[in-house]
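Reviewing the structure listed below.
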Amino acid sequence: MTTQQSPDPRTGPAPSPTGPLSRIDYSERIPNNVGLADDRRLQRALEGWQPKFLDWWKTLGPALPTKDVYLRTAIAVGRDGWAHFAHVPMEEYRWGIFLAEADPGKTITFGKHKGEPVWREVPGEHRADLLRLIVIQGDTEPASVEQQRILGNTAPSIYDLRNLFQVNVEEGRHLWAMVYLLHAYFGREGREEAEQLLKRNSGDLDSPRILGAFNEETTDWLQFFMFTYFTDRDGKYQLGTLKESAFDPLARTCEFMLKEEAHHMFVGTTGVQRTVERTAAVMQELGTDDRARLLRAGVIPLEIIQSYLNFQFSVSMDLFGSEQSTNAGNYYSSGLKGRWQEKRREDDHVLLDATRTMRYVEDGEIREKEVPALSALNLDLRDEYVADCRNGVRRWNQELEDRGLEQRLVLPHEGFNRKVGVYAGHRVSPDGEVLDDATWADRADEWLPSDQDRADVASLMVPEYEYGEFAGWIAPPKTGINDQPVEFDYVHLAEEGLV
Amino acid sequence: MTELSWVREDHPVWDDDKRRVIGGAPEGAFSIPFRDGDPLPGEWWSAREGGPDGAVLGYGRLDIGWGGDAQILLAVEPTRQEEGVGSFVLARLEDEAAARGINYVYNTIREHEQRDLVHDWLVVRGFRGAVDGDLRKRVGSSPAQPARPTRADAAPYDVSEDPGGRAPGQEEQGGYVDVDEHRY
């Protein structure tokens, strides 16, 4: 067995890749690698849900009419050759159910059940908690499709439009993944919750999506890129904890979802990077960082990009919940949710005696105290997330450095603009200074996107549907998708879409 | 109804008042693995008789997990039940959750002698759930309405005039994405 050296000093080496390719059966009405044909009752239940999903997709999926899109479809779950690219009418996309390979000798790696065989069925005492975790994960998937449904109308290029649709169809597939677990393992309650996943809708006043951040319409592409970078990244980390779960079907589902999630991160990372690249080019050309001049030149000023970054980072930090949580500790001890890269952590994986440092606000100052590690697992995950976020910002700043510019983008302080946890109720500046309410009120518009900022960005959001052409505010990518050229016909719009 | 004050605890710990109020609940209603002085996770408030220094009649706690999946805990002094304290605590907890942008709160009812009573009390107050002991209620306010896009004149960008673009386009290549190392 070979191992890879971890780049992160907090963790040990990566385990070796395992598992052969597991082909997916596309002859079935619902493509799957879970042997659905052998369980007629489950198959019928899911085939009953399928038309409701398709109705939801037609009603609340992408609004821009298309003939077909160059999409990636999973064909196997192994390490190589897992995806196939082809032009597909989106409503005919083969959403299916794919779990990563099973490991017959797999054992639980953390908590009080450490060393015991993983669970193939739901233990009765954890039924309610597992059902809730799966429902919340499932609720985010269609929510982001609903949030992004009008974005196609202002796509900066056909290349970007294809990437948006790829994200959308894969969020739809992730919904299928959760619905399979609900139907297969939670009986009547699971079927009811699966129905509710299509009945709650993003932004609906009476029946909104569960998570607050998934109820705001995504109206411009900078917000979309920031969302896919910061908020989808929260999803990556949540999937990473569920991938460690003692409930093996959930762990294997999330493991494969993480593979698809990589594309969503890619869209966010490179989307913001290309935006910064174009802005930096015009700043260099004009020799100015003046907001009005840059807007007139058709690019997004860095101060607006920074304010979007500040907003999306801070609301995504809230998604991790309170720093200290009894439930998070209970989930861990019970084996329901692990830590990020649990197997690589070099500790006892039980944490009953471990402590860690936590920052908090007292008497107008940010202080530190020691808390039980088991109570602070939300913070543990959030710290991993923040370290990851810094990588993207570093990459974006490379564009500025390459142009010889002094300006830099920065991640705001963890206490900035927070509604949840120890910083809730306190006013903290992006550089970590605790402020009074009046100072905050004076400067909030400087740090967060104002109505004017959003309107200025929106004014640049003109669609560009010519192959190989890009809107003026964003640089083209260096290469295309799946070795295709940048000017490839990634999307064929329907005639009404072109109008 | 008794006039009540809602008081936030900045540094919640397990103490005499909590033992009296929470510890007075039927056996099994709460899991209480704490000793005196132990710090308590989550956000805590007390419902106090009269002003903020009055006697504690109830407690409320929000434990906010992933994405605002917020569990509530509420307890009322056993000798002061059916005086509206529980409704007061629940309403304040819902307000606190809504102020944090949370759309739903939930309560998990453990097995104990008054389980059905607690279940019905929550159902009457709008809680519902597919699983009998796990109830959820909508509490959030309307989401913010972001600016709508408007059209303006911006020149299309010609890719052929900027061949030096650094951004990658290769999915899962070029160092941007390493799925197995979770770097992307």
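Every chain is numbered from 1, with letters handed out A, B, ... down the list of sequences. As the structure is a computational prediction, the values presented were derived from the model and not from experiment.
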Using a 4.5 angstrom heavy-atom cutoff, name the option from A:G392, A:P208, A:S322, A:G190 with the most pairs to chain B. A:P208
So for B:A99, is it side chain, backbone, both, or neither that comes closer than 4.5 Å to the heavy atoms of chain A? backbone
From the list B:P39, B:P41, B:G42, the residue making the most non-hydrogen contacts under 4.5 Å with chain A is B:P41
Heavy-atom check, side chain of A:V276 versus side chain of A:Q273, under 4.5 Å: no
For A:F311, the ring pair (Phe, Tyr, Trp, His ring centres under 6.0 Å) test, sequence neighbours excluded, returns none
Top contributor to chain B contacts, counting heavy-atom pairs under 4.5 Å, from A:Q238, A:K337, A:R296, A:H264: A:Q238
Looking at A:R274 and A:E277, does any basic side-chain N land under 4.0 Å from a carboxylate oxygen? no
Please flag which part of A:N327 lies under 4.5 Å from any non-hydrogen atom of chain B: side chain, backbone, both or neither. both
Please flag which part of A:V422 lies under 4.5 Å from any non-hydrogen atom of chain B: side chain, backbone, both or neither. neither
Between A:E195 and chain B, with a heavy-atom cut-off of 4.5 Å, which part of the residue counts as in contact: side chain, backbone, both or neither? neither
Part of A:F186 lying under 4.5 Å from any heavy atom of chain B: neither
Is it the side chain or the backbone of A:R191 that comes within 4.5 Å of chain B heavy atoms, both, or neither? neither
Under 4.5 Å from a heavy atom of chain B, the part of A:Q196 involved: neither
B:W44 ring centre to B:K18 NZ or CZ under 6.0 Å, with the angle to the axis within 45°? yes
Using non-hydrogen atoms only, which part of A:Y331 is less than 4.5 Å away from chain B: side chain, backbone, both, or neither? side chain
Does B:W6 have B:R8 sitting over its ring (NZ/CZ under 6.0 Å from centre, angle to axis within 45°)? no
Cation over ring, B:R92 on B:F88, under 6.0 Å and within 45°? yes
So for atom CD, which belongs to B:Q81, do other residues, nucleotides or ligands contribute more than 12 heavy atoms lying within a distance under 6.0 Å? yes
Check each atom of A:L131 against the heavy atoms of chain B and say whether the ones under 4.5 Å are side chain, backbone, both or neither. side chain
What option among B:R61, B:E43, B:R136 has the most heavy-atom pairs under 4.5 Å with chain A? B:R136
Examine whether an atom of A:S202 lies under 4.5 Å from a heavy atom of chain B, and if so say whether it belongs to the side chain, the backbone or both; otherwise answer neither. neither
What residues, two or more places apart in sequence or in another chain, satisfy ring pair (Phe, Tyr, Trp, His ring centres under 6.0 Å) together with B:Y59? none
Taking the six-membered ring of A:Y360 as reference, does the cationic atom of A:K369 (NZ for Lys, CZ for Arg) lie under 6.0 Å from its centre and within 45° of its axis? yes
Distance-only polar pair, side chains of A:S157 and A:E464, donor-acceptor under 3.5 Å: no
Let me know if A:D234 has heavy atoms under 4.5 Å from chain B in its side chain, its backbone, both or neither. side chain
Of A:E323, A:E362, A:R127, A:R188, the largest count of non-hydrogen pairs under 4.5 angstrom with chain B goes to A:E362
For A:A128, is it the side chain, the backbone, both or neither that has a heavy atom under 4.5 Å from a heavy atom of chain B? both
Under a plain distance cut-off of 3.5 Å, with no hydrogens placed, do A:T275 and A:W473 share a side-chain donor-acceptor pair? no
